[in-house]
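Only one structure is covered here, and it is reproduced in the block below.
First the proteins, then the strands, lettered A, B, ... as listed; each starts at 1. Everything quoted here is computed from the prediction, not taken from an experiment.
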Amino acid sequence: MRYLFALMLLLVPILGVWTFVEADRWQLWFPQNVSSFGGEIDGLFNLIMYMVAFTFIVTEVALAWFVFKYSANRPGKGVFTHGSHKLEMIWTAIPAVALLFIAFAQMETWAKVKFESNFPKDGKYTKEKPIAELWASQFDWRVRYPGDDGTLGTVDDLERSYEFVVPVNTDVVFHLRSRDVIHSFFVPEFRLKQDALPGHTIPVWFRAEKEGIYDLVCAELCGWGHYKMSGRMTVLSQADYDKRMADIKAEWFSNGKEQGQ
Amino acid sequence: MSQATTHAPHNPHLEPGEGEAGTVREHHDHHELGFLRKWIFSVDHKVIGLQFLFSGLVFLALGGMMAMAIRYQLAWPWRPMPGLAWMFPATGGAISPEFYTMLFTMHGTIMIFFVMIPLLTGAFGNFLIPLMIGAPDMAFPKLNMFGYWTMIPAFFFILLGFFVEGGHAAGGWTSYPPLSTIEAAAPGSLTGQTCWLMGLTWVGVSSMMGAVNYVTTIVKMRAPGLTMMRLPLTIWSLMITSLLQLFALPVLTAASIMQLLDRTMNTGFFTPTNLVVNNITPDSFLYGSEGAAAGGQPLLWQHLFWFYSHPAVYILVLPAMGFTSDILAVHARKPIFGYKPMVYSMSAIAGLGFIVWGHHMFTSGMNPALGMTFMVSTVMIALPSAIKVFNWLGTLWGGRIHLRTPMLFACAFVSMFIIGGLSGIWMAATPVDIYIHDTYIVVAHFHYVVFAGSLFAIFAAIYHWFPKMFGRLMNETVGKIHFVGSFVFTNMTFYMMHQLGVAGLMRRTADPYAYDVYQHLQPINEFITISAFCMFAWQIFFVVNFFHSMFWGKRVGRNPWNAASLEWDAPSPPGHGNFDKQLEVYRGAYEFSSPEVAEDFIPQTRKV
Amino acid sequence: MSLRLPLVAVSGLALWVSACQLDKDQKPARPVVHYSLSSATTALGDDGEPLIPESAQAGIAGSLEMLFGTPQAPIYQLLPEWKDEDFDPNWPQYPKGEDGSGEVDPAELVANNQMYWRRQLTAIDAGLWDRVFVQDFTPDLLADWKALCAQTPVEARNEEFKKAARELFENYYPKLSASAELYRQHCLHCHGPEGGGDGPTAPFLNPRPRDYRHGTFKFTAVGKAQPRREDLYRILDEGVTGTSMPSFRRFSQAQLHGLVDYVRLLSMRGMVERSLLATYKEEETLTSGDTIDAYAEVWEKWQKADSKVLTFEGEVPAPTAETIAHGRELFMDAKTGNCLSCHGPEGRGNGASAFAVNPESGKVVPTYKDDWGNEIIPRNLRLGIFRGGRRPIDIYRRIKYGIAGGPMPEAASSLTNEDIWHLVHYVGSLSERPQHKAAHVDHAADHGGDHASEKH
C-alpha cells in the first residue's frame with residue numbers, strides 16, 4: 001500500500017508541474033499582453049512561479065520520499081530527535097531572504113501602475129484631463145467622452161454604452177466611477193484591474209501597445225447580473241481613433257435621419 | 001492495550017474536588033442522566049464537542065450540495081438543475097442568476113462560519129482541550145453549553161434566510177456594501193442579508209464564549225507538571241486561535257451591527273451619497289426612498305470585515321496545523337521536529353495575521369502606498385508557514401511511519417497546504433495581484449488551504465480521535481478508500497483552477513462563456529465539475545464508515561495508537577469528569593522512539 | 001453487520017458513473033420552456049370559475065401555437081397573400097427588409113461577424129480545430145460546424161474546408177429557434193418565456209422588465225406606434241441606462257437582429273392573444289377566420305411603423321447659455337411647457353401633479369400608472385439618466401412625441417421645434433456639473449446632486 005500512497009503524493013508535484021508546463025498549449029495561460037506594464041506583471045508572476053516551483057517540487061518530493069521510505073517495515077525505533085537549531089536557522093533565513101526579495105521586486109511595478117504620482121503628466125491625457133469617464137452601474141459600462149470643450153460634466157459630453165475606445169501607443173488616463181455598487185474594471189489583456197467605488201472618482205492609467213478588441217469585464221460582484229456586465233475595450237490607431245470619435249460625435253448630434261438612429 | 005474498557009462513565013476512584021471545574025462531576029458519578037440532560041442540555045465538554053461535530057457535518061453536507069449546484073451551473077450554464085428544477089418552472093428548470101449569486105454566497109458563508117470554524121474550534125476545541133491538558137472539564141462548563149446554544153439562533157437565521165422573499169443573502173460571503181446594505185441592490189439584500197447578519201452575529205457570540213473558555217481552561221486548568229512548553233501543539237494552536245478570535249471578533253461583530261443599522265435604521269456607515277441603485281436614491285426623500293443617512297464609506301466595511309476575516313482564515317487553518325502536528329508525530333513514531341519553532345511560528349502567523357488584512361483590498365481603491373506595506377507583511381507571513389512545513393518534513397524524516405488513515409490525511413494536509421501556501425505568494429505580490437485578484441487562482445488558493453488543507457485535517461482528526469470519542473475504531477479499509485478517492489478527486493477539482501485563474505477567469509460569474517476571453521474555458525470547467533461530483537459522491541464512504549463504526553466498529557482500549565499525550569490516559573470514551581486517575585505530567589507530548597524505554601513511546605504521565 | 005458488500009457495490013457504482021461521465025462528451029439536455037397564456041386570459045371570476053371557459057382558452061392557445069410555434073420551434077405562420085409578395089418573415093429573407101421596416105446591410109453583418117468570431121476565424125486559419133469554440137447559445141451554428149467537421153476528417157482539411165468553415169462563421173445569421181435559445185439563456189429570466197416581463201428575476205427589478213405582449217415599447221423613434229426593428233435593435237445595442245437592461249453588444253449584430261426577430265414574434269403573439277381575447281369577450285366564440293384576421297391586423301400595425309419615424313430637418317442646434325435659459329422658462333411656464341407640474345421645479349421628478357395622497361392610507365402615492373398597470377413616477381432629470389438615451393435627438397423625441405405607454409404627453413401641438421430644442425438643452429444641462437479641477441475629483445461624487453442647481 002505504501003507504494004500507492006507515496007505514488008499519489010509524488011504525482012502531486014509531477015502532475016502539478018506538468019499542467020503548468022502544458023497550460024499554454026491548452027490555452028490555459030495568460031491571454032496576450034497588450035499593455036506597457038503587462039509584461040512586467042507577467043515577468044513578476046513568472047519570477048514567483050519559478051521560485052515557488054522550486055520549493056514546491058523539493059518539499060512535495062521530500063514528503064513523498066519520506067512517506068515511502070520511512071513507512072517501510074523497518075526494525076527498531078525511529079530517530080529520536082527534537083529538532084536541530086542549525087537547520088531551523090537555515091530554513092528560516094533562506095526563505096526570509098527569498099521572500100523579502102520577492103516583496104521588494106514587486107514594488108517598482110506596483111508604484112508604476114497604481115501610484116498617482118507616477119501617472120503620465122506630459123501626455124495628451126492626464127489625471128486632470130482624462131480621456132473619458134467610465135461609469136459603472138448595474139449592469140452596464142458607459143463611457144463619457146468630453147465634447148469639444150474638453151471638459152467632462154458639460155452638456156456637450158458624448159456618451160456611449162459598452163465600448164471604450166482608446167488610441168494605441170498613447171498614455172491614457174481615465175476616471176473610473178460607479179453609480180451604485182462596487183464594480184471592478186478588468187481587462188485581462190491589459191493586466192489591469194481597478195475597483196470602481198461609489199462616491200469616489202478613481203483615476204486609472206494604461207498604455208495599450210497593440211490595436212485590437214479586448215473584453216472589459218466586471219471583476220467585483222455587483223449583483224445578480226454580475227456575469228452580464230461586459231464591455232469592450234477597442235484600441236485603435238490614432239487616425240482610426242479620431243475617425244471613430246467623429247462618428248460617435250456625429251451619431252450623438254444626429255437628427256435621426258440615418259438608419260437606425 | 002489489554003484493557004477492554006467500554007462505556008464507563010462511572011468512576012468510583014475519582015477524588016472529589018479535583019480541579020476547579022470538578023464540581024460538576026462529583027455528584028453524577030452514580031446516576032445516569034436523562035437523554036435531554038446528557039445529549040441536549042449537556043455541560044460536558046465532550047458532548048458539546050460532539051454537538052458541534054454533528055451540526056458541523058450536517059452543514060458540511062448542505063454547503064457541499066451548494067458547491068455541486070455551483071459547479072453544475074459553471075459546467076453547463078442554464079441547463080435544468082437536477083433537484084432544483086422545480087423551483088424554476090418559467091425557465092424550464094434552469095436556475096436564475098440571482099439564485100446563483102445566493103448559492104456561492106451561502107456556500108462560502110456556511111462553509112466558513114458554520115462548518116470549518118465550528119468543526120475546528122467548536123468540535124475539536126471542546127472535545128480535546130480538557131482531555132489533552134488533563135482537566136476534568138472546561139473552566140466554565142455552563143458558558144460552554146451556552147456557546148453551543150447560541151449557535152441555535154445562528155442556525156435558525158441562516159436557514160430562515162432561504163425562505164424569505166428574494167432568497168438568502170447574495171452579496172458574496174464578504175457582503176460588500178453598498179450591494180449588501182441597500183435593499184434595492186440585490187434580491188438577497190431585501191431580507192436575506194439581515195438574516196445573514198443575524199446568523200453571523202450569533203456565530204460570533206458563540207465563538208466568543210468558546211474562545212474565553214478555551215483560553216481560561218488552557219491557562220488555568222492544566223494538569224500538574226504540564227507546563228506550557230509541554231502542551232501538545234493542538235492545544236497551542238487552539239489557544240492561539242482563541243486569542244485571534246478574542247481580538248478580532250469584536251470588530252466583526254461591531255461591523256455587522258453597523259451594517260444591520262445601515263439596513264434597518266437607515267444609518268449611513270457604508271453608503272455614500274447620491275447613489276442610484278435600481279432606480280432608487282436611498283438618501284433622498286423622493287418617492288420610493290426613505291431618506292437614509294449617507295456620506296458613508298464602502299471601504300470602511302472592507303477594512304473592518306477583513307480585519308476579522310483575515311485572522312479568521314488563520315482560525316481556519318491553525319487548528320488544522322495543530323492536529324496535523326500531533327497526528328504526524330504519533331503515526332511516524334517520532335518527536336515533533338522543532339517543537340519550539342512550531343509554537344513560535346504559529347504565534348508569528350497569528351501576530352502577523354493582524355496586519356495583513358489589506359491584501360484583500362489591493363485593487364479596491366485603497367491608497368496604493370498602503371498596498372506596499374501590506375504586501376511586505378503578507379509575504380513575510382509565508383515564512384512561519386514555511387518553517388512549519390519544513391518541521392513537518394523533519395518530523396517524518398527517520399520515522400517509523402504507520403500509514404493508517406489519519407496519517408494519510410495528515411500527510412495530504414501537508415501536501416495540500418504546500419500548494420495553498422505557495423500560491424498565496426502570488427496573491428501577496430501587489431502587481432501580480434492586480435491581474436489575479438478575484439480570479440479562479442484565488443478560488444484555487446483558498447480551497448487548497450481550507451478544503452484540501454483544513455478539511456483533510458478534520459478528516460484526519462476524526463479518524464484519529466474517533467476511538468476516544470466513541471470507544472471504537474473507524475474501519476481502516478474503508479477509510480483508505482475514502483482517502484484515495486478524496487485525494488485524487490480533490491486535486492482534480494481544484495488544481496486546474498490555478499490555470500483558469502491565470503487565463504483570467506473571474507470568480508462569481510454565473511455564465512462566463514459569453515465573454516470572448518473565457519469561452520474556451522468551458523471544457524475544463526466541465527472536467528472540474530465532474531471531478532467535484534465524484535469527490536462529493538465519494539464522501540459516502542466517510543458517512544457510512546462514520547455511522548457504521550459508531551455502533552459496530554471495533555472496540556478499542558484507551559490508547560489504540562500508542563500515543564503519548566494525556567487524552568489517551570482517559571478511558572475510551574471518557575466518562576463524565578474524563579480521567580479515572582490522578583495525573584502528573586513529567587514530559588512533553590511527543591516522546592516517541594525514545595531510547596530511554598523499551599517501548600517506542602513514553603506517555604506524558606509516566607515517570608521513568 | 002458486514003460492510004464489505006455495500007461498499008463494493010457503492011464504489012463500483014461510483015466508478016462506473018464517473019467513467020460514464022468522463023467518456024460522454026454530452027451535456028445535459030436543454031430545458032423545455034413552454035408558452036403560457038397571459039393572466040388576463042386565464043383570469044378567474046369572483047365565483048372561482050375561469051372567465052373564459054377552458055375550452056376557449058385551449059382554442060386560443062392552439063391558435064397561438066399554430067401562428068407562432070413553441071419556444072423550441074418558433075415560427076411565423078405565413079399569410080396567403082405573402083405568397084404573391086414573396087415575403088417570408090422567417091429566416092433568411094427577413095432581415096433584408098422586405099416588410100419595409102428596416103434594411104440590414106448584409107456586408108455590415110459579415111464584417112461584424114468577422115469581428116465577433118475573430119478567435120474562431122484565427123483558429124480556422126491556423127488549422128487549430130480544437131480551438132474553434134462555438135458557444136452554447138448558437139445551437140444552429142454549433143450543429144452546422146459539427147456537421148462540417150464530421151464530413152471532413154482532420155487530415156483532409158484543406159484550404160477549401162477552411163473557406164467553407166470561414167463562410168459558416170462569417171455568414172452566420174441565427175435561425176429563429178437559435179434566437180429563442182439565446183433569449184432563453186440571456187433574456188428569459190427577466191422577460192419571461194412569453195415576454196410577459198415576469199421571469200424569476202423580474203419581481204426584484206425597478207422598473208419592471210418590459211411586457212412585450214401589449215406591443216408597446218417606450219423608447220422608440222416612432223412615437224406611440226409599434227417600434228421599428230431599429231428601435232428594438234438600439235435598445236439591445238445600447239441598453240436602457242438606469243434600468244437593469246444592459247447593453248447586449250457582447251453578441252454579434254446578427255444575433256441581436258435575431259433577438260429582435262424573436263422579440264417581435266413574442267410581441268405579436270401577445271397582441272394576437274389580446275385581440276383574440278377581446279373578440280371572444282365580444283362574440284362569445286372564436287373562428288379560425290378571427291385568428292387569421294387578428295394575425296394580419298397585428299402584422300399590419302408592425303409594418304406601418306416605419307412611416308412614422310420622427311426625424312428633424314437640418315442640424316441639431318448646439319446648446320448655448322441663451323437656449324438653456326429659454327428652455328428653463330419653457331420648463332417652468334405652466335402654459336407652454338409645463339414640465340414642472342410633473343418633473344418638479346428643479347426637475348427632480350417630484351412635481352405636484354404626479355403624486356397624490358391616498359385617502360385610505362394617508363401615504364403619498366404616484367398619481368399615474370402606465371399601460372401595464374405599474375405605478376409610474378416622473379423622471380428625476382437631475383441624475384443624468386435618460387433611459388431612451390441622452391442624445392439631443394432622443395430627448396427631442398421624448399418631448400415631441402411623448403412616451404408610449406406612459407403619462408408623458410406629446411408636445412408636438414403646443415411647442416415649436418425650436419422651443420423643443422431649447423427644452424432639450426435645458427433638460428440636458430440639469431444633470432451637468434463641470435469638472436474643472438482634479439482637486440475636486442473626489443468630491444465630484446455628488447454628481448447631479450443638490451449642488452448642481454447652483455451652477456446654472
Main-chain N/O of [Y] paired with [X] side-chain donor or acceptor, under 3.5 Å:
X: T509(B); Y: Y227(A); value: no
X: H520(B); Y: Q27(A); value: yes
X: R400(B); Y: K77(A); value: yes
X: Q499(B); Y: W29(A); value: no
X: K193(A); Y: H437(B); value: yes

Counting only heavy atoms closer than 4.5 Å, note whether [X] contacts chain B via side chain, backbone, both or neither.
X: L197(A); result: side chain
X: V113(A); result: side chain
X: Y214(A); result: neither
X: V67(A); result: both
X: L99(A); result: both
X: S84(A); result: both
X: F5(A); result: side chain
X: E220(A); result: both
X: Q138(A); result: side chain
X: L216(A); result: backbone

For this session: Report the relative orientation of the aromatic rings in W397(B) and Y70(A); use parallel for angles under 30°, tilted for 30 to 60°, perpendicular for over 60°.
Result: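 Rings of W397(B) and Y70(A): perpendicular, over 60°.
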Exercise. Is any side-chain heavy atom of L28(A) closer than 4.5 Å to a side-chain heavy atom of L521(B)?
Worked result: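 Yes, their side chains come closer than 4.5 Å.
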Exercise. So, for Y435(B) and W110(A), is the gap between ring centers shorter than 6.0 Å?
Worked result: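 Here the rings of W110(A) and Y435(B) have centres that are no less than 6.0 Å from each other.
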